Amino acid sequence: MSTSASQAGDVVVHSDAAVLAAATAARLITALTDAQAARGSASVVLTGGGTGIAILEQMRRSPARDAVDWSRLDVFWGDERFVPAGDPERNEKQAREALLDHVPVDPARVHAMAPSDGEFGDDPDAAAAAYAQALATAAEATATATVATAGDVPAFDVMLLGLGGEGHTASIFPDTPAAHEAERSVVAVRDCPKPPPTRVSLTFPAIRRATEVWLVTAGAAKADAVAAAHRGVGEVELPVAGARGTARTLWLLDTEAAAELPWSQRVQENHPQA
Ligand SMILES: O=C(O)[C@H](O)[C@@H](O)[C@H](O)[C@H](O)COP(=O)(O)O
């Protein structure tokens with residue numbers, strides 16, 4: 001493992017995708033446990049995608065798993081594929097199979113985005129508006145005298161976000177209306193280059209309410225986008241560049257995804273500089 005820092009955030013590089021998933025699972029267990037020790041509860045925003053789900057699977061397998069008081073954890077999603085509830089493409093379904101159905105979460109504290117066969121039917125705009133309201137309700141519930149929760153989105157303790165090779169994060173894709181959204185916390189997105197085409201996604205204003213944003217990705221296909229974010233490319237062209245936490249932005253990578261970063265930011269684990 002190696003670590004470094006830049007204006008885009010701290011960078012931690014692991015030797016491969018499996019180590020990245022296991023180490024991030026351990027990191028998340030610790031972060032949630034620490035938040036619960038400090039405040040009595042914790043909140044996490046989950047991501048879809050292979051790396052995000054692999055992290056949840058590693059959490060399920062971890063001997064430290066039950067250091068988290070699952071009954072006092074609020075679970076949200078950064079985005080969701082707008083498909084029927086039983087569709088294997090659903091981020092919620094994958095997260096439940098990987099972890100949530102194996103730990104004693106409080107069902108009332110698992111805040112899934114509506115499926116396309118749910119109460120809002122096939123209207124992703126209605127599903128997005130409902131999730132924005134759910135976030136506002138959660139924000140009111142968590143506002144305290146000492147920690148004001150500004151706006152209508154909770155100050156999530158940790159938000160996991162994946163990224164695509166062209167720089168999307170959540171379901172905010174380059175040069176799309178979602179990348180320009182400055183008011184709403186949740187929007188419907190259509191015609192996404194990554195199938196399924198219709199989704200519901202948090203926007204930058206919501207993402208930037210998170211205390212810590214963890215960008216988690218692996219593989220050579222992501223290396224250009226990772227490096228571009230660290231060169232200062234703008235968030236409309238490269239949405240992952242707009243994913244920042246109020247206290248910390250942490251890039252959790254494998255060596256392939258870090259391959260285009262300057263050496264100063266990727267001293268490799270077990271691979272001393274050439
Ligand atoms: O619902 C989704 O598809 C995700 O939220 C999306 O943002 C994903 O995290 C990235 O596309 C990375 O996916 P991989 O980790 O599978 O490359």
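Predicted model only: the values in this text are computed from it and were never measured. Computed over heavy atoms, backbone and side chain alike; hydrogens, waters and symmetry mates excluded. This chain uses plain numbering: 1 for the first residue, then up along the sequence. Every number for a ligand or one of its atoms is a count from 1 in the order of the listing.
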**Q** What part of T217, side chain from CB on, backbone N/CA/C/O, both or neither, has a heavy atom under 4.0 Å from ligand 1?
**A** neither

**Q** Could you go through the side-chain contact (heavy atoms from CB on, under 4.5 Å) check for V236 and D175 one step at a time?
**A** CA-CA 5 Å; V236 172; D175 301 309; 3.4 Å; yes

**Q** Between S171 and ligand 1, is there a nitrogen or oxygen pair with a distance under 3.5 Å?
**A** no

**Q** So is E80 in contact with ligand 1, going by heavy-atom distances below 4.0 Å?
**A** no

**Q** Is there a side-chain contact between D125 and R190 (heavy atoms, below 4.5 Å)?
**A** yes

**Q** I need the minimum non-hydrogen distance between R184 and P205, along with the two atoms involved.
**A** O-CG, 4.2 Å

**Q** Looking only at atom types and distance, does a side-chain atom of D117 sit under 3.5 Å from a main-chain N or O of A85, one as donor and one as acceptor?
**A** yes

**Q** Side chain to side chain contact (heavy atoms under 4.5 Å, CB included) with K222: which of L253, T51, T217?
**A** T217

**Q** Which ligand 1 atoms are under 4.0 Å away from a heavy-atom of R199?
**A** 1 (O), 2 (C), 3 (O)

**Q** What protein heavy atom lies closest to atom 17 (O) of ligand 1? Include the residue and the distance to one decimal.
**A** K222 NZ, 2.6 Å

**Q** Determine the minimum heavy-atom distance between F173 and P193, stating which atoms define it.
**A** CD2-CD, 3.5 Å

**Q** Suppose I only count heavy atoms of T47 and a 4.0 Å limit; which atoms of ligand 1 are within that range?
**A** 5 (O), 9 (O)

**Q** Polar-atom distance check: T169 versus ligand 1, any N or O pair below 3.5 Å?
**A** no

**Q** Can you sort out which atoms of ligand 1 are near N91, meaning under 4.0 Å from one of its heavy atoms?
**A** 1 (O)

**Q** Say whether, by atom type as modelled, one donor and one acceptor occur between the side chain of R248 and the main chain of R244 under 3.5 angstrom.
**A** no

**Q** Has ligand 1 got any nitrogen or oxygen that is less than 3.5 angstrom from a nitrogen or oxygen of G164?
**A** no

**Q** Of all the non-hydrogen atoms in the protein, which one sits nearest to atom 1 (O) of ligand 1, and at what distance?
**A** R81 NE, 2.8 Å

**Q** Atom 12 (C) of ligand 1: which protein heavy atom is closest, and how many Å away?
**A** L163 O, 3.4 Å

**Q** Give the residue and atom name of whichever protein heavy atom lies nearest to atom 13 (O) of ligand 1, and the separation in Å to one decimal.
**A** K194 NZ, 3.3 Å

**Q** Measuring from atom 11 (O) of ligand 1, which candidate in Q94, R90, H168 has the nearest non-hydrogen atom?
**A** H168

**Q** Name the orientation class of the two ring planes belonging to Y131 and F76 (parallel below 30°, tilted from 30 to 60°, perpendicular beyond 60°).
**A** perpendicular

**Q** Evaluating non-hydrogen atoms only, which member of G50, P239, A17 is closest to atom 14 (P) of ligand 1?
**A** G50

**Q** Using a strict 4.0 Å cut-off to heavy atoms of G49, name the atoms of ligand 1 that fall inside it.
**A** 13 (O), 14 (P), 15 (O), 16 (O)

**Q** Are R27 and E212 close enough for a salt bridge, meaning some N to O gap below 4.0 Å?
**A** no

**Q** Specify the protein heavy atom at minimum distance from atom 9 (O) of ligand 1: its residue, its atom name, and the distance to 0.1 Å.
**A** G48 O, 2.9 Å

**Q** Among all the protein's non-hydrogen atoms, which is closest to atom 4 (C) of ligand 1, and how far away is it?
**A** D79 OD2, 3.5 Å

**Q** For atom 7 (O) of ligand 1, tell me which residue out of G162, G219, A170 has the closest non-hydrogen atom.
**A** A170

**Q** What's the shortest heavy-atom distance between E237 and P174, and which atoms?
**A** O-CB, 3.4 Å

**Q** Mark yes or no for whether T169, through its side chain, and G162, through its backbone, hold a donor-acceptor pair below 3.5 Å.
**A** yes

